[in-house]
**Student:** 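Please read through the structure below; I'll follow up with questions.
Everything quoted here is computed from the prediction, not taken from an experiment. Counting from 1, the numbers follow the sequence of the chain as shown.
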Amino acid sequence: MTPDVKILFAVLIVAFGSMVLYGWSGGSHQRDPLESEAHGSFFLGHFLKSWFHWFVGPLERASLALGVSPLFYNILGAAFGVAAGFAFGSGHVVLGGWGVLLGGVADVVDGRIARALNIADKRGAFLDSTLDRFAEIGAFIGLAVLFRSSVFALTLVVTAMGGSLLVSYTRARGESLGTVCKVGILQRAERLLLVGFGGLLDPTIAMLWGSGQTGTLLVPVFGVMAVGTVGTAIFRTAWIARQLRRNWEITNRL
C-alpha cells in the first residue's frame with residue numbers, strides 16, 4: 001500500500017468515525033443557524049451535508065477567534081484550485097485531488113464565517129462565485145494538459161468544464177432576471193467530490209485494474225461529469241425559460 005493510499009484511508013477512517021459520533025449525538029436533527037439557502041439540495045443527502053458542516057466547525061470557530069476574514073478563504077479556495085491545476089498538469093493526480101478537495105473546504109468555510117459575522121452581502125457573493133470559477137478553470141486547465149495526448153479524454157474534460165460553467169451561468173443569468181433556479185444534479189459540491197476523489201483514487205484503481213495508466217478512473221469520472229453537467233445546464237435553461245414565460249404571462253394579465 002502506497003503512502004498516498006495510507007493517508008487517504010486514515011482520513012476516511014476519521015471521517016466515518018466522526019459520522020458515527022455525529023449521528024449518535026443527534027446533530028443532524030438540529031437546525032444549523034449558518035446554513036445557506038443559496039444552494040440547492042446536496043445530491044448525496046442532507047446527512048452528509050450537515051455532518052460536513054459540523055466536521056469543519058472547529059476550523060470555523062478558530063477562524064472567528066483569530067479574526068480571519070471570509071475573503072481570505074475566497075482567495076485560498078482559488079489558490080487551491082490553481083495549485084490543483086498545476087499538480088494535475090504535471091501528472092501528480094493525487095496532489096491535484098487534494099487541492100480540489102481543500103479548495104472545496106475553503107469555499108464552504110468562507111460563507112459560514114460571513115454568515116456568522118453577519119457580513120454576508122452582494123459583494124461577498126459576487127467574489128465568492130467569481131473566485132470559484134477561477135478555481136474551477138484552474139483545475140480543468142491542468143486536467144486538459146494531463147490528457148492532451150488523448151483526443152477522447154481531452155474532449156470529455158473540455159465538455160465537463162464547459163458544462164460546469166454553464167450550470168453556474170444559467171443559474172446566475174436566471175437570478176439576474178428575477179428567477180432563482182437550484183434544480184439539477186452535479187452542482188459545485190458534487191463536481192468537487194468527483195474530481196477530488198477521482199484524483200485521489202485514480203492511481204490505486206489503475207493499479208488494481210492492472211493498467212497502471214493515469215486516467216483509469218478519472219476518464220470515466222469526466223464522462224459522467226460531461227453528461228451530467230451538460231444535461232443539468234440544458235434542464236436549467238428549459239426550466240428558467242418556462243418560468244420566465246409564466247412570469248411574463250402573469251404580469252400581462254394584471
**Student:** Look at the side chain of Thr130 and the backbone N and O of Leu127, then say whether any donor-acceptor pair between them is shorter than 3.5 Å.
**Tutor:**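 No; zero donor-acceptor contacts below 3.5 Å.
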
**Student:** More than 12 heavy atoms of other residues, nucleotides or ligands under 6.0 Å from CG of Asn118: is that the case?
**Tutor:**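 No, the 6.0 Å shell around CG holds no more than 12 heavy atoms from other groups.
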
**Student:** Nearest 0.5 Å, please: how far is CG in Leu200 from CG in Leu193?
**Tutor:** 10.5 Å

**Student:** Looking only at non-hydrogen atoms, find the nearest pair between Ile185 and Thr232 and report the distance.
**Tutor:**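 Scanning both residues completely, I find the closest heavy atoms to be O-OG1, 2.8 Å.
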
**Student:** Looking at every heavy atom in both Pro220 and Leu217, which two are closest together, and how far apart are they?
**Tutor:** CD-O, 3.1 Å

**Student:** Using every non-hydrogen atom in the two residues, find where Val94 and Pro203 come nearest and quote the distance to one decimal.
**Tutor:**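 Shortest heavy-atom contact: CG2-CG, 3.6 Å.
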
**Student:** Does some side-chain heavy atom of Arg173 sit less than 4.5 Å from a side-chain heavy atom of Ile240?
**Tutor:**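 No - every pair of side-chain heavy atoms lies 4.5 Å or more apart.
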
**Student:** Is any side-chain heavy atom of Arg242 closer than 4.5 Å to a side-chain heavy atom of Arg245?
**Tutor:**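 Arg242 vs Arg245: side chains apart.
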
**Student:** Between Leu201 and Leu48, is there shared hydrophobic-cluster membership here, with clusters defined by ILVMFWY side-chain heavy atoms closer than 4.5 Å?
**Tutor:**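 Both belong to a single hydrophobic cluster.
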
**Student:** Kindly indicate whether the side chain of Val56, heavy atoms from C-beta on, has any atom under 4.5 Å from the side chain of Phe52.
**Tutor:**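 Yes, side chains in contact.
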
**Student:** Are Ile137 and Phe134 connected, step by step, through hydrophobic side chains (Ile, Leu, Val, Met, Phe, Trp, Tyr) whose heavy atoms are closer than 4.5 Å?
**Tutor:** no

**Student:** Identify the two heavy atoms, one from Gly99 and one from Phe80, that lie closest to each other, and give their separation to 0.1 Å.
**Tutor:** O-CB, 3.4 Å

**Student:** Flag the pair Leu117 / Leu64 as yes when at least one side-chain heavy-atom distance between them is below 4.5 Å, and no otherwise.
**Tutor:** yes

**Student:** Same cluster or not: are Val93 and Val158 linked, directly or through other Ile, Leu, Val, Met, Phe, Trp or Tyr residues, by side-chain heavy atoms under 4.5 angstrom apart?
**Tutor:**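 Val93 does not cluster with Val158.
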
**Student:** Taking only distance into account, with no hydrogens and no angle test, what donor-acceptor pairs under 3.5 Å do side-chain atoms of residues 65-76 form with protein atoms, sequence neighbours excluded?
**Tutor:**
residue : atom : partner : partner atom : Å
Ser69   : OG   : Phe72   : N            : 3.3
Tyr73   : OH   : Ser63   : OG           : 2.5
Asn74   : ND2  : Asp110  : OD1          : 3.3
Asn74   : ND2  : Asp110  : OD2          : 3.2
Asn74   : ND2  : Asp128  : OD1          : 3.4

**Student:** Could you pull out all donor-acceptor pairs under 3.5 Å where a side-chain atom in residues 139-154 meets a protein atom, sequence neighbours excluded?
**Tutor:**
residue : atom : partner : partner atom : Å
Arg148  : NH1  : Val145  : O            : 2.5
Ser150  : OG   : Ala153  : N            : 3.2

**Student:** Following the transitive rule for hydrophobic clusters with a side-chain heavy-atom cut-off under 4.5 Å over Ile, Leu, Val, Met, Phe, Trp and Tyr, establish whether Met161 and Tyr169 coincide in one cluster.
**Tutor:** no

**Student:** Determine yes or no for a side-chain-to-main-chain donor-acceptor pair under 3.5 angstrom, with Glu175 supplying the side chain and Ala172 the backbone.
**Tutor:**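 Here the side-chain-to-backbone pair does not exist.
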
**Student:** Tell me which one of Leu101, Asp202, Leu192 satisfies side chain to side chain contact (heavy atoms under 4.5 Å, CB included) with Phe197.
**Tutor:** Leu101

**Student:** A side-chain contact here means heavy atoms from C-beta on lying under 4.5 Å apart; do Val167 and Arg188 qualify?
**Tutor:** no

**Student:** When hydrophobic residues are tied together by side-chain contacts of less than 4.5 Å, even through go-betweens, does Phe126 share a cluster with Val180?
**Tutor:** no

**Student:** Please report the closest heavy-atom contact between Phe88 and Gly199, naming both atoms and the distance.
**Tutor:**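 Smallest interatomic distance, heavy atoms only, reads CE2-CA, 4.4 Å.
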
**Student:** Would a 4.5 Å heavy-atom cut-off, applied to side chains only, mark Met225 and Val157 as touching?
**Tutor:** no

**Student:** Determine, step by step, whether Leu218 and Phe222 satisfy the side-chain contact (heavy atoms from CB on, under 4.5 Å) criterion, reporting the C-alpha distance in whole Å, the side-chain angles of both residues, the deciding distance to 0.1 Å, and the verdict.
**Tutor:** CA-CA 6 Å; Leu218 277 171; Phe222 284 111; 4.0 Å; yes

**Student:** More than 12 heavy atoms of other residues, nucleotides or ligands under 6.0 Å from CZ of Arg133: is that the case?
**Tutor:**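 Count over threshold, so yes.
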
**Student:** What are the two closest non-hydrogen atoms of His53 and Glu60, and how far apart are they?
**Tutor:** O-OE2, 3.7 Å

**Student:** Distance from Ile234 atom CD1 to Thr170 atom OG1, nearest 0.5 Å?
**Tutor:**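 One finds 10.5 Å between CD1 of Ile234 and OG1 of Thr170.
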
**Student:** Rounded at 0.5 Å granularity, tell me how far NZ in Lys182 sits from CZ in Arg236.
**Tutor:**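 Result: 10.5 Å between the selected atoms.
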
